[in-house]
There are 4 protein chains.
Amino acid sequence: MNIGRFTKNLVDTIADAGENFLNLKRLRGTPTQKFVSLCDDLISHKGMASGLALSRQVVKRYRNLSHKEKLWVLKELNRKAGPDMTEIQSAAKHFIQLPNEENLSMLSKKLKTNRRKLFSRMIMASEGAHVVVKLREDLLGFIPQHPELKGMDEDLKSLLKSWFNPGFLVLRKIDWNTEAAILEKIIEYEAVHDIKNWDDLKQRLGNDRRCFAYFHPSLEDEPLIFVEVALTKGISSSIQDIFNAKSKGGKQADTAIFYSINNCQKGLRSIPLGNFLIKIVVMQLAFEMPSIKTYSTLSPVPGFAKWLKQEIQNRSSVFFTAGDLETLKIIDEDGWQDNNKKSRELRKTLINACAKYLVKAKKEGNPMDPVARFHFGNGAQLFRINWMGNSSENGIGESFGLMVNYLYDPRQIESNHEAYVQRGELSLSKSVKAMLAS
Amino acid sequence: MNIGRFTKNLVDTIADAGENFLNLKRLRGTPTQKFVSLCDDLISHKGMASGLALSRQVVKRYRNLSHKEKLWVLKELNRKAGPDMTEIQSAAKHFIQLPNEENLSMLSKKLKTNRRKLFSRMIMASEGAHVVVKLREDLLGFIPQHPELKGMDEDLKSLLKSWFNPGFLVLRKIDWNTEAAILEKIIEYEAVHDIKNWDDLKQRLGNDRRCFAYFHPSLEDEPLIFVEVALTKGISSSIQDIFNAKSKGGKQADTAIFYSINNCQKGLRSIPLGNFLIKIVVMQLAFEMPSIKTYSTLSPVPGFAKWLKQEIQNRSSVFFTAGDLETLKIIDEDGWQDNNKKSRELRKTLINACAKYLVKAKKEGNPMDPVARFHFGNGAQLFRINWMGNSSENGIGESFGLMVNYLYDPRQIESNHEAYVQRGELSLSKSVKAMLAS
Amino acid sequence: MNIGRFTKNLVDTIADAGENFLNLKRLRGTPTQKFVSLCDDLISHKGMASGLALSRQVVKRYRNLSHKEKLWVLKELNRKAGPDMTEIQSAAKHFIQLPNEENLSMLSKKLKTNRRKLFSRMIMASEGAHVVVKLREDLLGFIPQHPELKGMDEDLKSLLKSWFNPGFLVLRKIDWNTEAAILEKIIEYEAVHDIKNWDDLKQRLGNDRRCFAYFHPSLEDEPLIFVEVALTKGISSSIQDIFNAKSKGGKQADTAIFYSINNCQKGLRSIPLGNFLIKIVVMQLAFEMPSIKTYSTLSPVPGFAKWLKQEIQNRSSVFFTAGDLETLKIIDEDGWQDNNKKSRELRKTLINACAKYLVKAKKEGNPMDPVARFHFGNGAQLFRINWMGNSSENGIGESFGLMVNYLYDPRQIESNHEAYVQRGELSLSKSVKAMLAS
Amino acid sequence: MNIGRFTKNLVDTIADAGENFLNLKRLRGTPTQKFVSLCDDLISHKGMASGLALSRQVVKRYRNLSHKEKLWVLKELNRKAGPDMTEIQSAAKHFIQLPNEENLSMLSKKLKTNRRKLFSRMIMASEGAHVVVKLREDLLGFIPQHPELKGMDEDLKSLLKSWFNPGFLVLRKIDWNTEAAILEKIIEYEAVHDIKNWDDLKQRLGNDRRCFAYFHPSLEDEPLIFVEVALTKGISSSIQDIFNAKSKGGKQADTAIFYSINNCQKGLRSIPLGNFLIKIVVMQLAFEMPSIKTYSTLSPVPGFAKWLKQEIQNRSSVFFTAGDLETLKIIDEDGWQDNNKKSRELRKTLINACAKYLVKAKKEGNPMDPVARFHFGNGAQLFRINWMGNSSENGIGESFGLMVNYLYDPRQIESNHEAYVQRGELSLSKSVKAMLAS
C-alpha cells in the first residue's frame, strides 16, 4: 500500500523529468487547442516514456479546463480520434468478400478508435483513473444536448467495464477508525438520507450500525458504492425508527436493515458495481454476527407519487376501480397526512396501489420503479409496504410516505434471482400476494 | 489489504452457496464436455450471482484439466464462442451502406465475441486472474501446432492489455523482509543467472544489492517482472565480479548495475510491463541513494554466437573482411578461451564483431538482438562490450563470453528513447562509435 | 497491527472463559468491597491464567465505579497493599548489620509493595493500559485532599516511567488520512488554541500545516502528546496570522512554527514524553522539506499577567523603576488595548517587563514560566516577544496579548540544552539581550 | 508500523547529530575504559537530548566489545553503578527510627541503583532493546564464574519483567507469507526438533501445520517464544509420525498437537512469556477451526534417563521394587531398542518408571522434570506416555525414546492450573492414574 503510493509519486517525478523533453513551448493557440494537440501526441507517440509525461500533462490540463472548454475539446477529440469510416468500410468489404479470422482481425483493429487509445494512455498517469472517471461524468452531462458524443461514450464505457471488472474491486468496512478523508466522502455521497454533519455520521457508524464500501485499487481514496446497515430487533418499518434509534437491537439484534445504498461516481453509470455488494455484505454479517437471521432493506419508492398522479388522471387506467380512484383523490388535499380520518380512509387503498405500482407497472418488461428493479434483480423478495415509512417532506412528496422492505433470504437469493432474470418472475411475500389477489 | 483478502474468501463462500443452485448433477458427458457446457452457461447466463458460482466452477475445473483436455476445450470454445461470421457480415453490409455511428456501434457489438465474455467472467472468480493468465500461457503453447487458436489469443491479449494497464501496477522492493512465498517465486522465475538456493538468494538481497518487482493488485502473490541490481564502485565488466562480490561498493558505491531482468508470467507475453520498470527503479535509487551517479546494465548478448556462425558460413557477408573471418574461425577450436595466445588474437576482432551485431544486424528495421532492442527502446546507450563478461559454459556458448553494458543516463533516457522510436537512431558511446568507424 | 488487535479479542475470550472459574458469586458486600476483594485475589493468586480473568474483572469493574467509590477503593488498597513497615524495618536492620548484596536484595524485595503487583497485573488485561492511566489521573485528583495516597502514586509513577520509556513510543503523522477516532481525540485534547469543529480541524491539517503525535503500542488509539506546526514565510508574530492563514507559506515556506503542544493524558503527568517530540519533528521536517530553514514556536506566556500584577503591588520589586511602574499601571484600565495612545505608551515597557519575567523571575532556580522552562530545557532560544501576539480575550487576560517565539536552531539545540541543564544558562537572542541590558 | 520504523531512523539521525556535541575525542584510555566513561556520562547527564546520542554510543560500542572486554566492563559498572551501601544504611536508619511513607520513599530512592538508570537509558536507543537483552544473556553467562554480578542481574531482570509485561506482547501467526528474516530466526531458534533447511521449514508451515510466536513492539524482528502445532487425526504418539506426516489430518483433523515450544532469547530467562502462549493458541485454533476438539502436546522427557540411572544405582530408591530394578537394567545393554524381546520385556516397566518420574519425583515440591513442571503449571493433564515416541539417538539418550502427551482441555485448563498452583495437585488421565495405582 505504502509502496504503491510512494511509487505514484515517483511516477510523477519521472513524468516531471519527462516534461522537460516535451518541449511544451512549441504548443500554439488557445488552452483548448494546446490540449487537443497534446492528446494528438499522446495518441500518436509510440514512445512509452515521454508518453507518461504526456499522459500526465493531459490529465493535469483536463482538470483545469472550464465546463465550456471541456465540451469543446471532447467534441473535437470525438471527431478527430473517432472511427475512420473509410478505412472501416474498406476493411468491412474485405471481410465480406473473404470472411476469415485474418480479415476479421483487421476489421477489429480498424474499429479500435484513437479515442480508446487516448483513454488507455490517460489512465497510466498517477491521477489518471480519477480524471478518466470525471471525464465520463462530464461526457454523460453533455450527451443529452450533444448526442454526437455517444460514440465516444461507448468507447469509454467499454474500457471502464473492463477496468472496473468486479474481480478487481475491494470491499472495506467503513467505521470510526476509517480515515477522515474517506468519511468526508461518505458524507458527501450519501444521497438517500442526508448525513448532516460529523456527529450524524458517527451515529451511523455506531455499534448498532454497519457500513461497507467497494473500492478500486487505482482509486483508493474514492468509494465507488456503499451501503449502510442498521442492526435491529425485527424488521424496521420506518426510517424515523432507524434514526431515532428506537429499533436499536443491541445484543438482541436479529435483523440487518439495509437502509441506504449509494452509487458515488457519476462517471461509472451503467458499470455494474452494486450487484454483489448487498450479497457480499449479507455473507460478511452472517459470518461476523451469527445472531442476525433476517436481512432486509428499508427502501424508498421514488417513482410512486408521480406514477399514481398520472394514473388518476389517466381515464383508461387498468389498475384501479372507480372507488379506488375516488379514495385516492385524497392525496391532492393539503395536509391529509396530519388528518387522522383522511389517513385512515386512504391507508389501505394507497398501500394496495403501491403494490400494483411495484409489481404490475412495467417498463420494457421490467418493474418501472428503479429501486424495485434493482432489488428484484438481486434476488430479493418484496416483503412489506410500510405506511408512513418516511414522513419527511421528501418522503411524502415522492411516495406519500410509503417505504418498502425487500427481503434478502440467503437461501432464496439465487433462485429468486434466476427466476427473475430468466422468466421475469417477481418474488412476493404471502401478504403482498394476498393484497394483490384481493 | 487484509480486508481484500478476507473478502476473497467471502466471495468463495458465496460461490459455494451459489453452487447448490447450479445443479451440477444435470451435467452430462466427459469432464471436458461438462467444462464446455459450464462455459456456455457462464457466457449465456444473464445472472451475475450464479454467474459468480459458475465462474468459480469454470476456474476450478480448468485447473484440473490435463494438457490434452485443455487443448480440446480451448479448440471447442474457440469455435463455439468465436465470432459469428454471418452476423458480422450482415452488420458489415449495413455499415457499408450507411456508415454512421449507430451502424458502427452495431458492428462493434457483433465483433465482441463470446470468448471475450467468457474471459471477463472467469476473471471475476477469486483465483480468476491466476487461471486466465495460465490459460493464455497454455494457449501460446498450443498456437504453433494449432494456429486456428490465434483468434482466441487476440481476444485474450486485448483483454489482458486492458487489465494490466501500467497504471494499475504496483512496484515493491524485494528484500529479506519480503514474504517467503514471494521470495520462493523469485528463485523460481530467475532465468538469466540461476539462484541456487536460499543462501544464494540472501546474497542477492544483501546491503549492496537491490531487487524490485511489479505486481498487479489481483495477482498479489505473483511477481510479474523483476530486476536485480548490484551497487558497485565503477561499472562492472563481468558477472563473475558481481557474484564474487569483488565489485561490492559498500559506502563508496557510485554505480547501480542492472544485471538481471526477468519476465515471470509466460501468459503475459507481449503485454508491455517492463518498459517503465528500469526507469522507475533508476528514479527510486536516485532518491534513496544520492551517491549513485551511474546506472548501467550488465547484459547478455543471447543471439551473437548463432548469428556470427551463420555470418562466417555466409560467403556474402557484408560485415567482415576476409582477414576478420580468418581470425574469427578461432571460435571453432575447442578450448580457445583457455589458450592465452588465441584469446589475445581473437579479442579485438570478436568485440568488434559483436558491436556490428548489436548495431548493424537488423530484423524488421530494429536491432536483431532482443536484449539490445529492449534497452535501446528504453532509452539506453550501448556503452561497452566486455571480454569474458560471462565465462561460464553458457556464456561462452551464447556469446563467446561477451557481455554488454547499456548505460541509463537519466538526462538522456528520454531523448535516446524518442530518437530510437521516431527515427530508429541508436545511442552509442564514443568508444563504440570509434570501434565501428575503424 | 491487525493481528495484535485480533489477539486482544482472544485475550478477552480467554478471560471470559476464565471468569466461569472465578466463582464471582462467592463475592460478598458492596461493589467496592467486592472490587477490593478481587484486587486481593489478583495480588495473591500465583496463577497467571485465572489472573488474566481476574485482571480483566478488576479493570472492567474499576471503570464502573463512581468517583466516590474510586476514592474509597484507592484508599483501602493504598492501606492494604501498601508497604509492610514491620517487615521492611526488620530487613533494614539486617542490612545495616551486614550490608551485603544478599541483604540488600532482601530489603529491595520487601519494598516492592503489593500495590505495584496489582498495577502490573492490571495492565495485562486488554484495556489494562487505559484503565491504569485513568486510575493515575483519578489518584492525582484525590491527592491534594488525601495526601496519604502519595505513596501509591509513587509506586504507580515509577511503573509508568518504566512502561512509557521513550524507547517504546511511536511517532505518527496526523493528517486528513488519519482515522476519525484519533482525530476526534485531537479535537478533544487541544487545549492551547481550541479546535472548534471538524472544518477547523481540517484547516489545521492542510497543506501548510503539520501535526505529529506520540503513541504507545498498548494505547494505540490514544495520542499521548501532539504538536501542531504551521509552515510559513518568516517567523509569525501572532496567532491571528496563523489562523487567518496570512502567513501561509505555500511553496515559499521557509519556517516551521510550533504553535501548539498538548499533553493528552493527565494520568501521565511527570512522565517525560515531550522532551524528544519537538526535536524529532524538527528532524522529520528537515528531512521532508529541505526548504524549511527556521524552526520556532509561537508560545503563550501563561503566568505573565498574574506575576506582573503582583510585582506592581509589591512595593519592593527589584525588577522595575518607579517610571516603569507608573507606565505599567495602564494595564488596569479597561480597554487599553483598543486605545492607540495607551497601547503605544505601554508597548515597550510591557515587552521589557515580559523579558524580565521570562529570564529573571525564577522558581527553584529555574524560569518561573512553565512554557519558558519547557523550551529552555529543550534547548531553545528566547528569540522575540510579540506585541498583540494573541489579541483574544484569553490572550489579553493571560499575558496582555504578548506571545513569544522560542527558536529551535538544530545546530544549537544540544549546546543550549546542555548549558541550561548543567549551568542554568538561558539562550537569548541578541535583541532580547539588548533589551535586558538597557 | 512503517512510520515507527521511519522514526527509528530519525532517532538515529538525531543521535548522529548529537554525537558532534558529545566530544568523543576527549575520551581517554582503552576501549573498555572509554566505554565505562560513556556509561558514567549516560548515568549522570541530566540532559535527555545528548543522552540519546550517548545511549546510542553506549549501545553501539557494547556490540563491538569482545567477550573478555564485556566481562571487564560489566564488572566495572556493577561496582561503580551499584548500590551505595553507606547511603542506603543511612536511609535505612532513618526509616527504622521513623517508619513513615516519606522515609520509605527516601529509602526506595537510594535503592534505585545507577545500574538501573543505565539500562533504562540504553533502551531508549533505537537498537537498545536488542542490546539490553543481549547484555543480560552475557551477564547470565558470566554469573556462574563471577557471582558478584548477581546484583546487577537482579536490577536488569526487574526492569525486563516490567518492559516485557505480557500485556505488551503481540501474537503473530508464522506461515509461508511471513518475512524471510523472521523465518530464518525460526530455523535458528528451533531447539527441540531441528529444522534442517528451508524445505523442512516449509513442511512445518504447511496446511496441516500451524506456528505462532510472541513479539515485543520494540523487538519486532525477534520472536521471543514460538510454538509449532500439527493438525492430526487422533493424538499422535510419536514424533516420527508428525514428521512422516502419517498423522496428517487434512480436512478430518480433529486434534492439535503442540510438538515444539521454544524460548528464543536467552537474555529473557525467568521472564515469564510462555505461560499464556499455549492457551492463547488453543483459543485461536478453536476460533479458526471448530472441527479441532482435542489439544495435546507431544513432549520430551528431558531428565528421565539421567534420573532413572541414578535411581537404579541408588540402593535406597523408594520408587522401584527389586524386580523392577532387575528389568530396568536392560537399558544398560547396547542396542536393546532394536531387540524385540528385550524391548517387550522393558516396555511396561519403563513406562511405569516414567510415570513415577513425572508425577512423584519432586524438586522443591514441584515435578522434577522441567517440561512436566511447565505443562502442569499451565493447566495441562498428563495424558499418556508413548513408547518409542522419539526413536532418534537423542530421544533414546534422553528418555529411552519415551515421549509424553500433555492434554490441554479448554474446560479444565483453569481448574487444573488452580489446583496445581494452590494445592500442588497434578492432573492425571485415568490410565496414568491406574498405572501408578498398580
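Order of the sequence lines sets the chain letters (A, B, ...), proteins ahead of strands, with each chain counted from 1.
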Report task. Tell me, for C:K112 versus chain D, whether the close heavy atoms (under 4.5 Å) come from the side chain, the backbone, both or neither. Result -> side chain
Requested in this report: Kindly compute the distance separating NZ (C:K110) from CG (D:L107), expressed to the nearest 0.5 Å.
Outcome: 14.0 Å
Query raised in the report: Out of curiosity, D:D155 CG to C:S108 OG, how far, rounded to the nearest 0.5 Å?
Result: 7.5 Å
Report task. Determine the minimum heavy-atom distance between D:S218 and C:G167, stating which atoms define it. Result -> OG-O, 3.8 Å
Report task. Taking the side chain as every heavy atom from C-beta outward, state whether D:I96 and C:I96 have any atom pair closer than 4.5 Å. Result -> yes
Query raised in the report: Would a distance-only check, ignoring hydrogens and angles, find a side-chain to backbone donor-acceptor pair under 3.5 Å from D:W163 to C:S162?
Result: yes
Query raised in the report: What part of C:I123 is in contact with chain D, defined as an atom under 4.5 angstrom from a non-hydrogen atom: side chain, backbone, both or neither?
Result: both
Query raised in the report: With a 4.5 angstrom heavy-atom cut-off, which part of D:Q89 approaches chain C: side chain, backbone, both or neither?
Result: both
Query raised in the report: What distance separates D:I88 CD1 from C:N103 CG, expressed to the nearest 0.5 Å?
Result: 11.5 Å
Query raised in the report: Would the number of heavy atoms belonging to other residues, nucleotides or ligands and lying under 6.0 Å from CD of D:E102 be above 12?
Result: no
Report summary line: Pair count under 4.5 Å, heavy atoms only, with chain D: among C:S158, C:A286, C:G128, C:S105, highest is C:S105
**Report entry** Shortest non-hydrogen contact from D:N165 toward C:S120
**Finding:** ND2-O, 2.9 Å
Query raised in the report: Salt-bridged, C:E101 to D:R115, with N to O below 4.0 Å?
Result: yes
Report task. Flag the pair D:N100 / C:M85 as yes when at least one side-chain heavy-atom distance between them is below 4.5 Å, and no otherwise. Result -> no
